[in-house]
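Because the structure is predicted, anything quoted here is derived from the model rather than measured.
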Amino acid sequence: MEKYILKIKCTDEKGLIYRVSDIIFKHRLNIETNNEFVDKDNNRFFMRAELSGDIKEGEFCGILEAVLPKDAQITCRKKAKKDIIVLATKETHCLGDMLIKFDSGELNANILAVIANHEILRSLVERFGLPFHVVSAEGLSREEHEDAVLAVMAQYKFDYAILAKYMRILSPKFVNAYPQKIINIHHSFLPAFIGANPYKQAYERGVKIIGATAHFVNDDLDEGPIIAQDVIRVNHEMSWQDMQRAGRACEKNVLSQALDLALEDRLFINGNKVIVF
């Protein structure tokens, strides 16, 4: 028996759950899990259900559209691994974690390729038999470099692009090429220390917590809708190198958590927030 994930986002009104459930029942489908949320401030309804049975996806969504508000956004997809590409620079911790999980079958995705602006990670990536593309920024303007990266990305059909410590600021043109498809990991619980060596900056400020934030990328630098966060307590006995090691572990774990949520279709973007089921 096939399994599907149904996602609905629309204006809230009375009877929505009944209407959806009635159609699911009439199509002899089984609801294995179901979650709903109403954003009362904005009158928005969100629903995610895991279904089992036999569904003609396009036809089923069309029937749902007929009984839901006109602004309804509906997807019903068979549960399957998604396709992703990874953008990286020099650091290995996030990328390495993803590659190991991919190789062991723990990652619910197919990594199609890794794109980097330096050669340093080539040997790591090629150990896993994956395509590795280097698009150097040397001698290029930001626009020229981004065009070159976008040309490589266009070779692949993917669900998400994951920035695994890709240390380049993306322009609105780049972000708008793949709206709501780019996920980034940021080295702070909230963007606080920007520029080179954020852990040394945090050390010099005597911070008491460090952390990481995974978010969708939008036009506002490091301020896109947040998917997952975590923090680690630190103290005066730790050097900035100690903080860096702890912070990198946190970054790796938070990105992994966010990626799992995205790959399982558990996310709804709601303005500048993310609804997580």
Side-chain angles (χ1 to χ4, degrees), residues 1-12 15-39 44-69 71-86 97-113 128 130 156-162 178-183 214 216 225-228 253-270 273-277:
M1 187 174 290
E2 299 288 358
K3 295 187 177 182
Y4 300 81
I5 297 177
L6 171 66
K7 294 177 69 179
I8 298 171
K9 174 181 176 181
C10 64
T11 299
D12 185 43
L16 291 179
I17 296 174
Y18 169 78
R19 285 176 244 166
V20 174
S21 300
D22 184 55
I23 289 173
I24 290 172
F25 174 76
K26 288 177 179 177
H27 280 74
R28 299 182 179 179
L29 303 172
N30 184 49
I31 300 176
E32 299 197 353
T33 65
N34 187 60
N35 300 94
E36 308 105 21
F37 172 73
V38 175
D39 174 1
R44 303 294 291 166
F45 172 81
F46 302 86
M47 177 177 174
R48 178 189 184 274
E50 294 192 20
L51 310 176
S52 58
D54 184 20
I55 297 176
K56 293 181 180 179
E57 298 172 28
E59 178 183 320
F60 183 68
C61 289
I63 293 170
L64 285 170
E65 285 177 359
V67 301
L68 293 175
D71 66 346
Q73 299 175 31
I74 307 166
T75 61
C76 185
R77 298 192 181 104
K78 190 179 294 185
K79 291 188 74 172
K81 287 188 174 183
K82 287 184 165 45
D83 295 323
I84 65 174
I85 61 171
V86 184
D97 184 63
M98 292 172 62
L99 292 173
I100 290 170
K101 289 178 179 175
F102 169 73
D103 188 64
S104 64
E106 295 178 47
L107 186 67
N108 190 28
N110 303 305
I111 299 178
L112 304 182
F128 294 87
L130 294 171
Y156 299 94
K157 186 177 181 180
F158 57 89
D159 296 288
Y160 290 105
I162 312 302
Y178 297 102
Q180 300 183 4
K181 282 192 171 187
I182 305 174
I183 295 174
F216 285 104
I226 294 169
I227 303 169
N253 293 336
V254 170
L255 180 59
S256 178
Q257 179 187 353
L259 189 52
D260 285 344
L261 292 169
L263 297 175
E264 293 174 5
D265 282 314
R266 296 186 177 277
L267 307 177
F268 290 86
I269 294 181
N270 182 28
K273 296 181 180 179
V274 177
I275 307 299
V276 181
F277 284 133

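Between M1 and G53, the closest heavy-atom pair is CG-N, 3.3 Å. Shown here for F268 and R48, the closest heavy-atom pair between the two residues is CE1-CB, 4.2 Å. When all heavy atoms of K82 and D265 are compared, the closest pair comes out as NZ-OD2, 2.8 Å. Of all non-hydrogen atoms in I74 and E65, the two that sit nearest each other are CD1-CG, 3.5 Å. Taking every heavy atom of both residues into account, R44 and T11 meet most closely at NH1-N, 3.2 Å. Listed here is the closest heavy atom pair of P225 and I269: CG-CG2, 4.2 Å.
Crowding of D54 atom CG: a count of heavy atoms from other residues, nucleotides or ligands under 6.0 Å not exceeding 12. The 12-atom threshold is exceeded at NZ of K81, counting heavy atoms of other residues, nucleotides or ligands nearer than 6.0 Å.
With contacts defined as side-chain heavy-atom distances shorter than 4.5 Å, the pair F60/L29 qualifies. In this structure, the side chains of I111 and I162 stay at 4.5 Å or more apart for every pair of heavy atoms.
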Next item on the list: Determine, stepwise, if the pair I24 / L6 fulfils side chain to side chain contact (heavy atoms under 4.5 Å, CB included).
Entry: CA-CA 10 Å; I24 290 172; L6 171 66; 4.3 Å; yes
Next item on the list: Apply salt bridge (Lys or Arg N to Asp or Glu O under 4.0 Å) to D39 and K9, showing your working.
Entry: CA-CA 11 Å; D39 174 1; K9 174 181 176 181; over 6 Å; no
Notebook entry, point to check: After noting the C-alpha distance and the side-chain angles of L99 and L130, does the key distance pass the side chain to side chain contact (heavy atoms under 4.5 Å, CB included) rule?
Noted result: CA-CA 9 Å; L99 292 173; L130 294 171; 3.5 Å; yes
Next item on the list: Take L267 and V276 through the side chain to side chain contact (heavy atoms under 4.5 Å, CB included) test and state the conclusion after the steps.
Entry: CA-CA 5 Å; L267 307 177; V276 181; 3.8 Å; yes
Next item on the list: Kindly determine whether F158 and Y178 satisfy ring pair (Phe, Tyr, Trp, His ring centres under 6.0 Å), including the steps that lead there.
Entry: CA-CA 10 Å; F158 57 89; Y178 297 102; 4.8 Å; yes
Note to self: For a side chain to side chain contact (heavy atoms under 4.5 Å, CB included) check, start with the C-alpha distance between I5 and R266, then their side-chain angles and the critical distance, and finish with the verdict.
What the structure shows: CA-CA 9 Å; I5 297 177; R266 296 186 177 277; over 6 Å; no
Next item on the list: Dump the intermediate steps for ring pair (Phe, Tyr, Trp, His ring centres under 6.0 Å) on F277 and F37, then the final yes or no.
Entry: CA-CA 9 Å; F277 284 133; F37 172 73; 7.2 Å; no
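Not one N or O on the side chain of D71 forms a donor-acceptor pair closer than 3.5 Å with the backbone of C10. No donor-acceptor pair under 3.5 Å is formed between the side chain of K7 and the backbone N or O of R77.
We find the NZ-CG distance between K101 and D260 to be 6.5 Å, quoted to the nearest 0.5 Å. Here CG of L51 is found 6.5 Å from CD1 of I31. Values are rounded to the nearest 0.5 Å. Between D22 atom CG and H27 atom NE2 the span is 10.5 Å, to the nearest 0.5 Å. Interatomic distance, CG of L261 versus CG of N108, reported as 11.5 Å (0.5 Å rounding). With rounding to the nearest 0.5 angstrom, the CD1 atom of I23 is 10.0 Å from the OH atom of Y18. A distance of 5.5 Å separates OG of S256 from CG of D97, quoted to the nearest 0.5 Å.
Using cut-offs of 30° and 60° on the angle between ring planes, the pair F216 and Y160 is tilted.
Across E50, E32, E264, a single residue satisfies salt bridge (Lys or Arg N to Asp or Glu O under 4.0 Å) together with K79, and that is E50.
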